[in-house]
Amino acid sequence: MIDVLVEDRSSIRTITLNRPAKKNALTPGMYQIMSQALNEAAGDFAIRAVVITGAGTAFTGGNDISDFLETPPTGPESPVFNFLYALHDFPKPLIAAVHGNAVGIGTTALLHCDIVVAAPDSKFQMPFVNLGLVPEAGSSLLFPKLVGHAKASEIFLTGRSFGAEEALTMGLVNKIAPDHLAEAMSIAEVIAQQPPTAVINTKALLKSGYHQAVSMVMEAEGELFRIALESDEAQIAFMNFLSKKSKG
Ligand code: COA
């Protein structure tokens with residue numbers, strides 16, 4: 001089975017995380033396919049918008065925890081960092097259709113999306129501290145910018161999850177829709193009908209005030225994240241997750 005499906009219908013590219021038995025937990029190979037799909041879409045005049053979604057019962061359970069142990073990212077050229085930069089620099093509208101669990105990068109990636117549609121059962125979580133890690137994907141800047149320092153601290157430092165209604169109130173999602181994918185596609189279709197250069201320039205202007213700052217924060221986060229992955233705190237947390245699973 002292919003773990004990420006990439007499909008173009010008219011001028012919209014859909015990227016579907018397709019590892020449902022593992023809640024679409026993300027592997028280096030999946031990051032690689034997603035980066036390639038975004039970079040190609042960026043350079044393809046025919047593609048006007050990208051929708052990202054998940055197959056099965058979840059958007060994604062985040063980075064595969066076994067990979068954190070076995071093949072941790074070693075530097076800025078690692079598949080996960082390539083994906084994060086492809087996301088950060090993606091010039092066209094990026095729309096997320098989220099349902100079920102959206103953990104770790106499953107939530108932080110949304111901070112780079114232009115529009116997020118969530119199903120009512122969506123459950124967001126950024127449990128970096130719980131895992132002995134630090135926030136990534138520029139979220140240590142983008143999340144407090146969105147919700148304020150107090151709320152961001154509470155969510156990052158406790159690692160608590162939050163639902164679709166709270167995500168809507170905080171402005172992380174645009175809309176809650178029972179058929180989240182159909183709603184995301186219909187928004188993508190409206191955007192795809194607009195003059196493409198105006199759309200690209202508008203997106204660039206919307207991000208221009210903080211794009212560079214996010215790049216710098218991502219670099220700093222990346223260094224701390226790589227160190228944290230090797231720490232006892234993180235290694236114990238990963239073992240705990242994996243041993244709970246093996247005990248059933
Ligand atoms: N890494 C590796 N495997 C993962 C995973 C992840 N991030 N997320 C889910 N899975 C696997 C589970 O180990 C399980 O595999 P198994 O059937 O072989 O035991 C399978 O996906 C189904 O997950 P399960 O935990 O049974 O589903 P659930 O509905 O009870 O819980 C989650 C879903 C996402 C809340 C839970 O799996 C979870 O907490 N995952 C880890 C999230 C995380 O910490 N991610 C890293 C963020 S940086």
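Values below: all heavy atoms of this structure, side chains included; hydrogens, waters and symmetry mates excluded. Order of appearance sets the numbers: ligands from 1, and atoms from 1 within every ligand.
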Sub-3.5 Å N/O-N/O distance, Asn101 and ligand 1: no

Under 3.5 Å: N/O of Ser66 near N/O of ligand 1: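 By distance alone, the answer is no.
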
Any donor-acceptor N or O pair under 3.5 Å, side chains Lys23, Thr60: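 The criterion, which ignores hydrogens and geometry beyond distance, is not satisfied for Thr60 and Lys23.
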
Glu7 side chain to Thr16 side chain, donor-acceptor N/O pair below 3.5 angstrom: no

Ile2 atom CD1, neighbour heavy-atom count above 12 within 6.0 Å: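 It does not: Ile2 CD1 has 12 such atoms or fewer within range.
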
Row check, Tyr210 ring normal vs Lys145 NZ/CZ: under 6.0 Å, within 45°: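 Lys145 over Tyr210 ring: yes.
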
Asp64 contact mode with ligand 1 (heavy-atom cut-off under 4.0 Å): both

Under-4.0 Å heavy-atom contact with ligand 1, by part of Ala21 that carries it: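 Ala21 to ligand 1: backbone contact only, side chain stays beyond 4.0 Å.
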
Ligand-residue contact atoms, ligand 1 with Asn63, heavy atoms, under 4.0 Å: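 Counting from 1, the qualifying ligand atoms are 1 (N), 6 (C), 7 (N), 46 (C).
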
Under 4.0 Å to a heavy atom of Leu131 - the qualifying atoms of ligand 1, by number: 44 (O), 46 (C), 47 (C), 48 (S)

Under 3.5 Å, sequence neighbours excluded: what are the donor-acceptor pairs made by side chains of residues 224-235?
{"from": "Ser231", "atom 1": "OG", "to": "Ala228", "atom 2": "O", "distance (Å)": "2.6"}
{"from": "Ser231", "atom 1": "OG", "to": "Ala234", "atom 2": "N", "distance (Å)": "3.2"}
{"from": "Gln235", "atom 1": "NE2", "to": "Leu229", "atom 2": "O", "distance (Å)": "2.8"}

Pick from Phe241, Phe59, Phe225, Phe238: the one approaching atom 3 (N) of ligand 1 most closely through a non-hydrogen atom: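 Considering heavy atoms of Phe241, Phe59, Phe225, Phe238, the nearest to atom 3 (N) of ligand 1 sits in Phe241.
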
Option of least heavy-atom distance to atom 43 (C) of ligand 1 (set: Gly62, Ala25, Gly104, Gly61):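 Among Gly62, Ala25, Gly104, Gly61, the closest heavy atom to atom 43 (C) of ligand 1 belongs to Gly61.
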
Aromatic plane relationship, His211 with His88 - under 30° parallel, 30 to 60° tilted, over 60° perpendicular: parallel

